[in-house]
Visitor: 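Have a look at the structure that comes next, please.
In each ligand, atom 1 is the first atom listed, and ligand 1 is the first ligand listed.
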Amino acid sequence: MPTHFPKADILVIDDTPDNLNLLSAMLTEQGYKVRSVTKGSTGLRGAQVVPPDLILLDINMPEMNGYEVCQQLKASDRTHDIPVIFISALEDILDKVKAFSVGGVDYITKPFHLEEVLARIETHLTIRNLQKRLQEQNLQLQQEIRERRQAQEKFTKAFRSSPAPIAITTVADGRFVDVNPSFLRLSGYSCQEIIGHTAAELKLGIEPEIYNQAVAGLRETGTLVNQECEFRTKSGETRAVLICIELIELDGVECTLNIITDITERKRLENEFISLVSHELKTPLTSMMGALDILSAGQLGDLTDQGRRVLSIATTNAERLLRLINDILDLERMKSGKITMQKAKCNAAVLMIQATEVMQGMADQASVTLVTHPLPVDLWADGDRLLQTLTNLLSNAIKFSEPGGTVWLSAELKTGEAKVGNRDRRTVDAQSHEDAPPPSPSLLITVKDQGRGIPADKLQTIFERFQQVDASDSRQKGGTGLGLAICRNIVEQHDGKIWVESVPGEGSTFYVWLPAGS
Ligand code: ADP
């Protein structure tokens with residue numbers, strides 16, 4: 001049954017025109033595209049110009065016999081892989097052996113049995129197709145191997161010569177698998193002292209709990225950027241570092257790739273600079289504000305309307321600057337331990353209500369609804385500082401909400417540890433731990449908004465000093481970029497934890513976990 005598109009291209013070389021016509025008609029009938037020639041040399045030329053998918057080749061031909069034709073086909077790269085089926089009237093075993101030895105794949109004997117010829121052709125075309133596919137796959141695999149080798153070489157070179165300290169550890173038990181020379185320089189250890197050990201065994205100062213939580217969070221986000229940690233070197237010196245972690249697979253073992261940036265010197269300079277500038281700025285700024293006060297009180301004469309407007313702009317900006325300086329100094333004093341928490345018994349519900357009252361004006365102005373569910377739980381804490389934390393979180397939630405949005409302040413009493421993995425950060429209920437020793441109760445305060453949200457790569461960094469999602473946030477929203485750094489400091493001084501979960505475009509929820517007895 002002829003098909004519209006030829007199935008395969010078959011070249012028939014036979015010096016007997018009757019055979020040729022018969023084969024040609026039969027194969028054409030089956031949908032094959034058939035070229036037929038009576039001479040070996042013509043067949044060879046044709047095969048070179050357009051290589052067919054299969055060749056039927058008569059053995060007994062005058063000028064050049066089939067064996068020779070086959071040998072020449074096999075000698076050429078272009079025709080080497082074309083399957084050749086011999087056509088023979090001879091039943092001699094020697095001929096068959098010869099047919100195979102010169103590269104034939106099969107033979108058919110005259111007179112032809114139609115089904116047999118077709119079956120053999122089909123079989124060899126299928127084999128040839130499979131071979132082609134295998135060759136293609138092989139090429140593809142070789143290409144992949146080449147690419148992998150190149151990628152591996154690039155990684156190895158980057159790993160060895162990177163100025164950033166890099167370490168690879170197993171996820172299962174945190175053992176060092178490989179470290180680069182920069183890491184050895186930073187840590188002061190030798191390769192033998194590190195490989196096979198854990199950070200805890202080497203007392204590198206990276207808290208296993210924090211690290212494990214970071215890795216747990218990694219499973220959801222894929223990478224972890226700039227987790228600030230302390231790093232203790234062999235000589236006992238403590239360095240401040242930022243760690244970026246990626247999950248990788250090494251010989252089938254799940255590992256973490258830890259890229260470290262040593263920020264000790266940068267932090268020292270930053271602190272020195274900030275504290276110097278702040279102290280230097282505070283005195284003249286305070287006196288400037290005094291002068292602005294005197295002007296606005298009219299003690300130096302009446303101002304025109306325009307004068308009052310300009311004065312009001314100057315006062316607003318001076319106040320903002322003073323807020324910034326006070327925040328910087330506050331944070332600095334807290335960090336250096338000059339401010340300690342004045343802990344006393346206080347009630348969470350009272351603090352929550354106070355925070356709401358303080359922020360109500362701002363919420364009204366922004367047309368944001370504030371909903372509070374106070375929880376009467378006693379805390380051993382610095383009430384003023386916790387109030388500062390709650391007002392700051394509420395202020396942010398309002399600032400980053402659209403008019404008409406709602407901000408919720410609520411609290412739950414929990415038992416157990418706060419888990420800072422993404423999903424399981426919250427404390428676990430006592431019921432799920434019936435056999436465990438009774439865990440101490442804790443309080444989880446949440447501030448939830450429906451605002452613009454925070455991108456995943458910023459969820460950690462916004463708790464750093466001067467870190468904002470958008471560089472224009474402080475200008476447009478009047479913040480200092482220090483609020484969350486201060487909140488974190490306060491919460492940590494109460495042995496608590498603070499973190500945020502967010503869906504960009506849908507809103508954010510800030511969590512403050514505090515041991516209820518703190
Ligand atoms: P700021 O004074 O700029 O508010 P913070 O440290 O309090 O400083 O916050 C840092 C940054 O975190 C903000 O500038 C903002 O980009 C982001 N942020 C904080 N809270 C929220 C929130 N509720 N929704 C969206 N972004 C927030």
Side-chain angles (χ1 to χ4, degrees), residues 225-228 270 274 278 316-335 352 355-356 358-363 365-372 385-410 422 425 444-493 496-513:
V225 236
N226 292 340
Q227 166 85 47
E228 195 173 333
E270 222 176 70
I274 288 171
S278 318
T316 312
N317 280 308
E319 278 168 354
R320 189 171 150 222
L321 209 54
L322 190 65
R323 221 170 31 238
L324 174 66
I325 293 173
N326 282 336
D327 276 358
I328 291 173
L329 294 175
D330 218 18
L331 191 60
E332 191 210 344
R333 281 198 291 263
M334 268 189 228
K335 280 193 161 175
M352 290 168 80
T356 315
V358 173
M359 297 319 298
Q360 192 60 56
M362 181 179 172
Q365 225 169 12
S367 306
V368 169
T369 310
L370 256 187
V371 179
T372 308
R385 293 292 175 180
L386 282 192
L387 186 61
Q388 184 182 354
T389 304
L390 295 185
T391 50
N392 190 41
L393 293 180
L394 285 175
S395 146
N396 279 346
I398 297 166
K399 250 187 341 195
F400 294 102
S401 288
E402 293 296 324
T406 302
V407 169
W408 292 268
L409 171 64
S410 31
N422 244 3
R425 267 180 175 142
L444 186 71
I445 303 175
T446 48
V447 177
K448 179 174 153 61
D449 65 54
Q450 302 172 305
R452 70 173 194 200
I454 301 162
D457 63 331
K458 295 281 179 358
L459 291 176
Q460 308 211 19
T461 51
I462 53 167
F463 291 95
E464 301 291 327
R465 214 167 43 171
F466 301 122
Q467 292 291 330
Q468 294 174 316
V469 170
D470 196 311
S472 63
D473 280 353
S474 74
R475 227 178 323 111
Q476 286 177 1
K477 309 276 182 184
T480 62
L482 288 166
L484 290 177
I486 294 176
C487 289
R488 183 169 72 173
N489 212 289
I490 294 172
V491 173
E492 283 177 356
Q493 294 214 38
K497 284 174 183 143
I498 182 167
W499 69 93
V500 61
E501 286 172 10
S502 183
V503 180
E506 286 184 22
S508 314
T509 307
F510 281 79
Y511 295 91
V512 173
W513 174 85

Visitor: Side chains of residues 386-394: which donor-acceptor partners sit under 3.5 Å, not counting sequence neighbours?
Guide:
{"residue": "Gln388", "atom": "OE1", "partner": "Arg385", "partner atom": "NH1", "Å": "2.7"}
{"residue": "Thr389", "atom": "OG1", "partner": "Arg385", "partner atom": "O", "Å": "3.0"}
{"residue": "Thr391", "atom": "OG1", "partner": "Leu387", "partner atom": "O", "Å": "2.9"}
{"residue": "Thr391", "atom": "OG1", "partner": "Gln388", "partner atom": "O", "Å": "3.0"}
{"residue": "Asn392", "atom": "ND2", "partner": "Gly483", "partner atom": "O", "Å": "3.0"}

Visitor: Does an N or O from Gln467, backbone or side chain, lie closer than 3.5 Å to an N or O of ligand 1?
Guide: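 Looking only at distances, the answer is no, because the N/O contact criterion of under 3.5 Å is not met.
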Visitor: Is the number of heavy atoms from other residues, nucleotides or ligands under 6.0 Å of Glu402 CD greater than 12?
Guide: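 No, the 6.0 Å shell around CD holds no more than 12 heavy atoms from other groups.
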Visitor: Looking at side-chain heavy atoms only, is the closest gap between Trp513 and Trp499 below 4.5 Å?
Guide: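 Yes, side chains in contact.
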Visitor: Is there a polar contact, in the sense of an N or O pair closer than 3.5 Å, between Gly453 and ligand 1?
Guide: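 No, Gly453 has no N/O under 3.5 Å of an N/O on ligand 1.
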Visitor: Near Ala397, which atoms of ligand 1 are under 4.0 Å from a heavy atom of that residue?
Guide: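 So the atoms of ligand 1 that pass are 23 (N).
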Visitor: Heavy-atom contact check, 4.0 Å cutoff: does Lys399 meet ligand 1?
Guide: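 Yes, Lys399 has a heavy atom closer than 4.0 Å to ligand 1.
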Visitor: Counting only heavy atoms, tell me which of Glu464, Gln468, Gln450 gets closest to atom 14 (O) of ligand 1.
Guide: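 That would be Gln468.
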Visitor: With atoms numbered from 1 as shown, which atoms in ligand 1 lie under 4.0 angstrom from a non-hydrogen atom of Ser508?
Guide: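 Counting atoms of ligand 1 from 1, those under 4.0 Å from Ser508 are 24 (N).
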Visitor: Under 4.0 angstrom from ligand 1, any heavy atom of Phe463?
Guide: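 No; Phe463 lies far enough from ligand 1 that no heavy-atom distance drops under 4.0 Å.
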Visitor: Test your reading of the structure: does Ala485 have an N or O sitting under 3.5 Å from an N or O of ligand 1?
Guide: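 Min N/O separation from ligand 1 is not below 3.5 Å for Ala485.
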Visitor: Can you tell me if Gly451 contacts ligand 1 (heavy atom of the residue under 4.0 Å from the ligand)?
Guide: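 Heavy atoms of Gly451 never come under 4.0 Å of ligand 1.
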Visitor: Quick one: side chain to side chain donor-acceptor pair (under 3.5 Å) partners of Thr372, sequence neighbours excluded?
Guide: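 If we apply the side chain to side chain donor-acceptor pair (under 3.5 Å) test to Thr372, skipping adjacent residues, the hits are Thr356.
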Visitor: Any idea which atoms of ligand 1 are less than 4.0 Å away from a heavy-atom of Val469?
Guide: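 So the atoms of ligand 1 that pass are 16 (O), 17 (C).
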Visitor: Quick one: NZ on Lys448 to OG on Ser508, what's the gap to the nearest 0.5 Å?
Guide: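 The distance works out to 9.5 Å.
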Visitor: Counting both backbone and side chain atoms, is some N or O of Phe400 under 3.5 Å from an N or O of ligand 1?
Guide: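 So ligand 1 has no N or O lying under 3.5 Å from an N or O of Phe400.
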Visitor: Which heavy atom of Glu270 sits nearest to which heavy atom of Arg465, and what is that distance?
Guide: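 Nearest pair, atom of Glu270 first, then Arg465: OE1-NH2, 2.5 Å.
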Visitor: Between Asn396 and ligand 1, is there a nitrogen or oxygen pair with a distance under 3.5 Å?
Guide: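 Between Asn396 and ligand 1, an N or O pair is found under 3.5 Å apart.
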Visitor: With heavy-atom distances below 4.0 Å as the criterion, list the atoms of ligand 1 near Leu482.
Guide: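 With Leu482 as reference, the close atoms of ligand 1 come out as 6 (O), 8 (O).
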Visitor: Can you name the one residue among Leu331, Leu324, Asp330 that meets side-chain contact (heavy atoms from CB on, under 4.5 Å) with Ile328?
Guide: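 That would be Leu324; it is the only one of Leu331, Leu324, Asp330 passing the side-chain contact (heavy atoms from CB on, under 4.5 Å) with Ile328.
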Visitor: Any side-chain to backbone donor/acceptor pair from Gln450 onto Thr406? Under 3.5 Å, distance only.
Guide: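 Checking the backbone N and O of Thr406 against the side chain of Gln450, a donor-acceptor pair under 3.5 Å is found.
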Visitor: Run Asn489 and Phe463 through side-chain contact (heavy atoms from CB on, under 4.5 Å) and show every step you take.
Guide: CA-CA 9 Å; Asn489 212 289; Phe463 291 95; over 6 Å; no
